[in-house]
Amino acid sequence: MASNTLTQLARRANRQISPMSFWAAAQTNRSLTTNRTLHKGLSRETENPQPKEPKANNTASLAPADITIEQYNELSDQYLDALAEKLEQLQDEGEDVDSEYSAGVLKVTFPRNGTYVISKQPLNKQIWLSSPLSEPKRYDFVMPGEGHNAKEDTGSGEWIYLSDKSSLSELLLKEIGVDMSLRYTPVPHLGE
């Protein structure tokens, strides 16, 4: 049936049909059928996959806070001073820990874990940690509430390892049992 139609068309155009052009014409004159597309996976568990819902990613916007070198020094000194004080409290309570803090470098030795070195890196505005239990990490000061909608100087910040979004305080609690969540205690000022 298709060959008759093609032959008639060729005669109208006053040209001969070669076997190759007949085959090409027959291929293009096929009817088109469509089916509903099924999104089946390779295994039974993925035969009817649900559409992925966008995840609420609060950590996607984490970036180092835009702080001056003076602010960095103040924030890092506060953190390391508070950590050194907590380590001294552990020593006073009889914990077998040795710590030494000098020139922005805090060296902490726990016989059960090993030696930690926590140091300031002013050029990068980071705190670096070398741990015997985990990989070396570089923590940036991050203010999660910082953005164009946030009021200036109202956010609270944390030292965050941007590669895995973990905080320095979390690591210290997990590896050496020091809780830095209540590190700053208000000091009453004279006249208040």
Side-chain angles (χ1 to χ4, degrees), residues 52-190 192:
K52 292 183 179 180
E53 294 183 24
K55 295 179 182 177
N57 193 356
N58 296 336
T59 61
S61 64
L62 286 183
D66 186 21
I67 57 176
T68 65
I69 192 67
E70 291 80 15
Q71 292 169 322
Y72 161 79
N73 283 323
E74 182 180 340
L75 292 165
S76 59
D77 286 341
Q78 284 177 350
Y79 192 90
L80 292 176
D81 287 342
L83 178 56
E85 286 179 30
K86 290 199 177 266
L87 292 169
E88 286 178 19
Q89 289 175 353
L90 285 176
Q91 286 176 332
D92 293 344
E93 294 169 3
E95 182 75 33
D96 191 13
V97 59
D98 182 35
S99 66
E100 180 182 334
Y101 182 42
S102 174
V105 178
L106 178 60
K107 184 177 174 184
V108 183
T109 304
F110 279 87
R112 67 177 187 254
N113 292 358
T115 301
Y116 292 80
V117 178
I118 305 166
S119 62
K120 291 175 55 173
Q121 298 296 320
L123 291 176
N124 303 34
K125 298 179 187 171
Q126 295 175 328
I127 293 179
W128 289 8
L129 169 96
S130 173
S131 163
L133 301 180
S134 60
E135 65 192 36
K137 296 185 178 185
R138 298 175 179 189
Y139 293 90
D140 291 284
F141 191 76
V142 173
M143 295 182 66
E146 189 175 79
H148 69 280
N149 292 331
K151 292 183 180 178
E152 190 173 329
D153 298 329
T154 59
S156 62
E158 185 66 52
W159 293 100
I160 302 290
Y161 181 51
L162 296 176
S163 294
D164 66 5
K165 312 293 190 257
S166 64
S167 76
L168 179 55
S169 296
E170 290 169 354
L171 183 130
L172 293 172
L173 181 61
K174 177 182 169 187
E175 291 191 12
I176 62 177
V178 174
D179 185 6
M180 293 296 290
S181 62
L182 301 174
R183 65 182 170 268
Y184 306 114
T185 54
V187 178
H189 295 294
L190 295 174
E192 288 186 1

Could you check whether any side-chain heavy atom of [X] comes within less than 4.5 Å of a side-chain heavy atom of [Y], counting everything from C-beta outward?
X: Leu90; Y: Ile176; value: no
X: Tyr101; Y: Leu83; value: no
X: Tyr79; Y: Leu168; value: yes

Heavy atoms only: give me the nearest Met143-Gly157 pair and the separation to one decimal.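 In terms of heavy atoms, the two residues are closest at CG-CA, 3.9 Å.
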Working note: Lys137 + Ser166, criterion side-chain contact (heavy atoms from CB on, under 4.5 Å); need CA distance, chi angles, decisive distance, verdict. CA-CA 10 Å; Lys137 296 185 178 185; Ser166 64; 3.8 Å; yes
Pairwise distance [atom1]([X]) to [atom2]([Y]) - rounded to 0.5 angstrom:
X: Leu171; Y: Ser131; atom1: CG; atom2: OG; result: 6.0 Å
X: Ile160; Y: Ser163; atom1: CD1; atom2: OG; result: 12.0 Å
X: Asp81; Y: Lys86; atom1: CG; atom2: NZ; result: 13.0 Å
X: Ser134; Y: Lys174; atom1: OG; atom2: NZ; result: 7.5 Å
X: Ser76; Y: Gln121; atom1: OG; atom2: CD; result: 10.5 Å

Excluding sequence neighbours, so at least two apart, what forms side chain to side chain donor-acceptor pair (under 3.5 Å) with Tyr116? Asn113, Glu175
Run the side chain to side chain donor-acceptor pair (under 3.5 Å) test against Lys120 and tell me which residues pass, sequence neighbours left out.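 Listed in chain order: Asn73, Asp77.
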Quick one: does [X]'s side chain have a donor or acceptor within less than 3.5 Å of a partner on [Y]'s backbone?
X: Lys107; Y: Thr115; answer: no
X: Lys165; Y: Leu162; answer: yes
X: Tyr72; Y: Leu123; answer: no
X: Asp140; Y: Val142; answer: no

Should the pair Tyr139 and Tyr161 be assigned to parallel (<30°), tilted (30 to 60°) or perpendicular (>60°) ring geometry?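 Aromatic pair Tyr139/Tyr161 classed tilted.
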Mind listing the side-chain donor-acceptor pairs of residues 91-99 below 3.5 Å, one per line with the distance, residues two or more places apart or on another chain?
from	atom 1	to	atom 2	distance (Å)
Gln91	NE2	Val97	O	2.9
Glu95	OE2	Arg112	NH1	2.8

Verify side-chain contact (heavy atoms from CB on, under 4.5 Å) between Val108 and Val178, making sure each step is shown before the conclusion. CA-CA 12 Å; Val108 183; Val178 174; over 6 Å; no
